[in-house]
Amino acid sequence: MSASPIAAPAARPLLEVEGLAKYFATGGGLLKQASPRLRAVDGVSFSLARGETLCLVGESGCGKSTVGKLILRLMEPSAGVIRIDGVDVTLAQGEELRAYRKRVQMIFQDPFASLNPRLKAATIVGEPLENYGLFSARERNEKVTDLFARVGLRPEAAEKFPFEFSGGQRQRIGIARALALSPDLIVADEPVSALDVSVQAQVLNLLVDLRDALGLAYLFISHDLGVVEHIAHRVAVMYLGRIVEIGGKERIFDAPRHPYTQALMAAAPVADPHAKRERIVLEGDVPSPLDPPKGCAFHPRCPYAFDRCRVETPVLTPRDGGHFAACHLDEA
Ligand code: SF4
């Protein structure tokens with residue numbers, strides 16, 4: 001594959017997303033056709049290799065969770081293409097969609113809300129196997145026992161209900177359920193943000209171990225750059241529905257090129273008290289996706305904005321170090 005913002009390190013990506021968009025009509029009635037469209041996701045492209053973790057970061061409302069839902073096919077895209085192993089699944093239905101969903105699983109943010117309180121943990125974890133009619137009842141039980149061990153839960157946990165577990169244990173149940181169908185890709189939307197800080201590292205380490213042992217790919221959505229630094233191979237920074245910078249974790253953290261990424265990094269806590277990061281203070285709120293600014297959508301908040309930024313939308317272009325940024329400054 002040629003050098004492009006969607007290129008993952010591996011020769012053949014597991015997942016490819018090109019020009020993905022999701023627009024929502026607002027308003028209604030007779031004027032509906034003329035009503036503005038909310039551009040939640042507006043032309044997002046990337047790819048993901050087996051065993052790779054791509055983190056989507058950005059402020060609340062930037063569209064990162066919507067990207068996750070689109071890839072999970074929980075909502076229909078307005079435009080764009082989703083491929084897995086080169087097969088277009090953008091409009092897959094019926095058995096094709098069912099087969100795709102078997103390969104692409106999800107870990108939710110709130111482990112308590114995502115578990116049926118009336119079901120025992122073993123039933124929750126074994127449910128996907130039953131839904132897909134896989135294995136005999138005895139084999140399913142064995143598989144569930146294996147999954148419990150894999151996520152660090154004791155066998156006796158199988159007979160307990162969700163309320164009997166801690167937050168971290170509940171998230172382990174959610175992870176075991178996501179693993180039940182032996183997926184290739186897991187979309188994890190803020191999977192540790194609801195957990196105590198002391199438990200976050202344990203769950204993150206578990207996710208890393210599982211990824212490395214099983215060759216899983218993660219699309220990991222997070223607003224927490226400390227978490228992202230721990231788990232990412234590559235990072236995509238989103239602003240108002242678009243990726244504004246994407247590249248390897250080290251480049252994004254150590255030498256960000258887009259002023260928005262620089263501002264995010266400047267605002268993040270630094271583990272090393274001697275480390276210095278250029279201070280760029282983000283002023284103002286994120287503009288409405290109903291009426292995004294013309295040109296570069298970041299220009300009203302950008303300390304470096306110049307005339308061109310107000311009229312011409314920058315596109316992702318290659319920068320040194322193999323990453324891509326959408327900014328008129330220092331364009332290659
Ligand atoms: Fe700032 Fe202009 Fe770059 Fe946008 S294109 S981030 S406004 S310098």
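Numbering of residues begins at 1 and proceeds along the displayed sequence. Note that the structure is a prediction, hence the values are computed from the model and not measured. Both ligands and their constituent atoms are indexed starting at 1 by order of listing.
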Derivation and outcome, salt bridge (Lys or Arg N to Asp or Glu O under 4.0 Å), residues Glu245 and Arg257: CA-CA 8 Å; Glu245 186 161 8; Arg257 298 297 293 272; over 6 Å; no

Ligand 1 versus Cys296: contacting region, heavy-atom distance under 4.0 Å: side chain

Is the backbone N or O of Cys55 less than 3.5 Å from a side-chain atom of Tyr218, with the two atoms forming a donor-acceptor pair by type?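 No; zero donor-acceptor contacts below 3.5 Å.
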
Just by distance, do the side chain of Gln105 and the backbone of Pro183 share a donor-acceptor pair under 3.5 Å?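 Here the side-chain-to-backbone pair does not exist.
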
Among all protein heavy atoms in this structure, tell me which lies nearest to [atom], with the distance rounded to 0.1 Å.
atom: atom 5 (S) of ligand 1; value: His328 N, 3.3 Å
atom: atom 1 (Fe) of ligand 1; value: Cys302 SG, 2.3 Å
atom: atom 2 (Fe) of ligand 1; value: Cys309 SG, 2.2 Å

What are the atoms of ligand 1, with element, lying closer than 4.0 Å to any heavy atom of [X]?
X: Leu329; result: 8 (S)
X: Pro259; result: 6 (S)
X: Cys327; result: 3 (Fe), 5 (S), 6 (S), 8 (S)
X: Phe298; result: 6 (S)

Pick, from Arg308, His258, Arg310, Glu245, the option with the minimum heavy-atom distance to atom 6 (S) of ligand 1.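 It is His258 that holds the nearest heavy atom.
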
Locate the shortest heavy-atom distance separating Ile173 from Ala121; write the atom from each residue and the value.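 Of all heavy-atom pairs spanning Ile173 and Ala121, the closest is CD1-CB, 3.9 Å.
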
Between Leu129 and Lys143, does a side chain to side chain contact (heavy atoms under 4.5 Å, CB included) hold up when you go through it step by step? CA-CA 9 Å; Leu129 296 170; Lys143 176 101 175 154; 3.6 Å; yes

Does Lys102 make a cation-pi contact with Tyr100 (under 6.0 Å, within 45 degrees of the axis)?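 No; the conditions do not both hold, so Lys102 does not lie above the ring face of Tyr100.
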
Could you tell me whether the side chain of Leu134 reaches within less than 4.5 Å of the side chain of Arg140, counting heavy atoms only? no

